[in-house]
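Owing to the predicted nature of the structure, the values given are computational and were not obtained by experimental measurement. Letters A, B, ... mirror the listed sequences (proteins, then strands); counts begin at 1.
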Protein chains: 2
Amino acid sequence: MITAEAADMPDDGTSRTPDRLRRLPSRQLSQLTTRSDRLINEGLARVDARKWHYAVLASLQEYGPGSQAALSRRTGIYRSDMVGVLNELAERDLVERVPDPDDRRRNIITISARGRRRLPRLDKVLDDLHDELLAPLSPAERDQLTRLLGRLLDYHTRTAPPGTAPRRAGETGE
Amino acid sequence: MITAEAADMPDDGTSRTPDRLRRLPSRQLSQLTTRSDRLINEGLARVDARKWHYAVLASLQEYGPGSQAALSRRTGIYRSDMVGVLNELAERDLVERVPDPDDRRRNIITISARGRRRLPRLDKVLDDLHDELLAPLSPAERDQLTRLLGRLLDYHTRTAPPGTAPRRAGETGE
DNA sequence: CCGTTGCGTTAGTCACACTAACGATGTACG
DNA sequence: CGTACATCGTTAGTGTGACTAACGCAACGG
């Protein structure tokens with residue numbers, strides 16, 4: 001009783017997603033992430049921010065100033081991409097980038113007063129956005145979800161730290 | 001007692017992710033999805049498949065043959081991208097693409113014998129990959145997770161069907 | 001002194017989601 | 001019956017995110 005083609009319900013298949021796909025966690029994750037990312041990006045764009053901005057500002061606030069490389073490690077943003085993010089933040093006077101006198105390779109990034117003021121504002125925006133994201137879930141369920149995700153994330157960040165490159169495997173056709 | 005900079009634990013910040021970020025569901029989702037996607041893509045690549053292949057084959061198996069547009073709707077793959085996916089599947093003789101005599105705009109896509117044989121193989125591969133993906137969770141927890149994700153997905157697919165374009169909002173700088 | 005390692009930066013790759021526009025066809029309606 | 005509109009398959013292109021490669025420079029370590 002899986003297919004619904006020969007029966008009396010005329011189903012050209014236009015209807016909806018196959019069962020095999022609907023319950024596939026990897027698929028649920030990527031679909032939901034697509035929605036989530038869109039929601040967050042749009043919301044942050046409305047206040048002229050991006051999620052990387054928040055990540056960097058939060059990191060500076062919690063751990064204090066640091067080099068770009070350190071920031072990269074804290075936030076998970078690649079150091080190649082960090083350059084641009086810091087440019088954007090500096091343009092907006094949310095951080096200051098000054099050369100480290102003790103190690104002339106480094107820049108030291110500091111959160112500015114303006115950046116410090118910005119952070120709670122972004123907290124609020126994100127909070128509201130997550131309210132929309134998690135709308136159908138009760139507080140307890142939201143908690144469950146973040147705990148489950150947290151555990152998975154822990155597991156996978158331990159076993160596969162970034163830099164573990166994606167393999168390109170056997171291509172038969174083409 | 002939030003920051004750990006002035007105390008006795010020398011924390012250049014290289015350590016780890018700020019708390020604000022770690023518990024952010026949207027962030028957990030995208031990070032986990034990155035890992036998940038990598039895992040799945042690599043796993044499928046090893047058997048010369050991609051997730052879209054699976055999606056299309058599963059859809060054909062469950063709902064029977066259909067036009068490319070119908071397949072798009074079932075799988076969530078955009079019809080612009082469906083072209084390429086079907087090319088790949090046809091190259092591998094997993095589907096057949098024949099013009100619909102009743103509607104000359106349409107192609108009718110049918111799963112081939114080979115495709116039908118392929119599907120359980122992919123089921124197995126995906127099953128194993130999900131075992132790795134969800135490794136730290138008990139069966140009950142895995143179930144919880146998929147139910148929570150399912151509900152969120154339901155909610156957001158109802159309220160924001162694809163085609164709801166991402167807004168590009170006020171850019172002050174640049 | 002020299003090799004390695006870390007830093008900031010530039011440039012480029014690949015996949016994904018999505019838009020725009022096209023020509024050919026089908027459908028509805030006045 | 002004709003014409004406006006919708007749908008189909010297809011091509012091309014956009015923006016973002018994650019990531020690699022390579023660079024020149026500076027620091028560290030033997």
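The side chain to side chain donor-acceptor pair (under 3.5 Å) check on A:Arg97 picks up A:Gln68, A:Asn87, with sequence neighbours excluded. Looking at residues two or more places apart in sequence or on another chain, you find a side chain to side chain donor-acceptor pair (under 3.5 Å) between B:Ser26 and A:His130. Scored by the side-chain contact (heavy atoms from CB on, under 4.5 Å) test, A:Asn41 finds A:Asp37, A:Lys51 as partners (sequence neighbours excluded). A search for side chain to side chain donor-acceptor pair (under 3.5 Å) contacts involving A:Thr146 returns nothing, not counting sequence neighbours.
Atoms CZ (B:Arg79) and C1' (C:dA17) sit 14 Å apart, rounded to a whole Å. When rounded to the nearest whole Å, the span between CE of A:Met82 and C1' of C:dT10 equals 16 Å. In this structure, CG of A:Leu71 is placed 12 Å from P of C:dT9, rounded to the nearest angstrom. In this structure, A:Leu44 atom CG and D:dG15 atom C1' are separated by 17 Å, rounded to whole Å. As rounded to whole Å, 14 Å separates atom P of C:dG8 from atom CD1 of A:Ile77. Look at CD1 on B:Ile108: it is 15 Å from C1' on C:dG26, rounded to the nearest Å. As a whole-Å value, the separation of B:Gln68 CD from C:dA24 P is 17 Å. Spacing between atom NE2 of B:His156 and atom P of C:dA17 amounts to 17 Å, rounded to whole angstrom units.
Between A:Arg147 and A:Arg151 there is no side-chain heavy-atom pair separated by less than 4.5 Å. Inter-residue side-chain proximity for A:Arg20 and B:Leu119 is flagged as met; some heavy-atom pair is nearer than 4.5 Å. When side chains are defined from C-beta on, A:Leu44 counts as touching A:Val125, because their heavy atoms get closer than 4.5 Å. Between B:Leu60 and B:Leu71 there is a side-chain heavy-atom pair separated by less than 4.5 Å.
Distances shorter than 4.0 Å separate none of the side-chain N or O atoms of B:Asn41 from OP1 or OP2 on C:dC14. Between C:dA15 and B:Arg50, no contact under 4.0 Å exists linking OP1 or OP2 to a side-chain N or O. Contact annotation: B:Asn107 side-chain N/O to D:dT10 OP1/OP2 distance is under 4.0 Å. Residue B:Tyr78 has a polar side-chain atom (N or O) positioned under 4.0 Å from OP1 or OP2 of C:dC18. The side chain of A:Arg97 contributes no N or O atom lying less than 4.0 Å from OP1 or OP2 of C:dC7. The side chain of B:Trp52 places an N or O atom within less than 4.0 Å of a non-bridging phosphate oxygen (OP1 or OP2) of C:dC16.
Contact annotation for B:Asp37: no contact, since no heavy-atom pair falls under 4.0 Å across all strands. Nucleic acid contact class of A:Ser30 (heavy atoms, under 4.0 Å, all strands): none.
Put simply, the side chain of A:Asp81 and the base of D:dC19 share a donor and an acceptor less than 3.5 Å apart.
Between A:Val83 and A:Gln31, the residue whose closest nucleotide on DNA chain C is further toward the 5' end is A:Val83. When each of B:Asn87 and A:Ser80 is assigned the nucleotide of DNA chain D bearing its nearest heavy atom, the one mapping closer to the 5' terminus is B:Asn87.
Among the nucleotides D:dC19, C:dC7, D:dG17, the one closest to any side-chain atom of B:Arg38 is D:dC19. In the set C:dA11, D:dC8, C:dG8, the nucleotide with an atom closest to the side chain of B:Arg73 is D:dC8.
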Quiz prompt | Nucleotide-resolved protein contact map, nucleotides 24-30 of chain D, B/S/- at heavy-atom distance under 4.0 Å | solution = --BS---

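Within residues 20-28 of chain B, no residue places a heavy atom under 4.0 Å from DNA chain D.
A:Ser112 places a side-chain N or O within 3.5 Å of a backbone atom of A:Asp93 that can act as its donor or acceptor partner. The main-chain N or O of A:Leu32 is never found under 3.5 Å from a side-chain atom of A:Ser36 such that the two would form a donor-acceptor pair.
Tracing side-chain contacts under 4.5 Å through hydrophobic residues (I, L, V, M, F, W, Y), one never reaches A:Ile108 starting from A:Leu89; they form parts of separate clusters.
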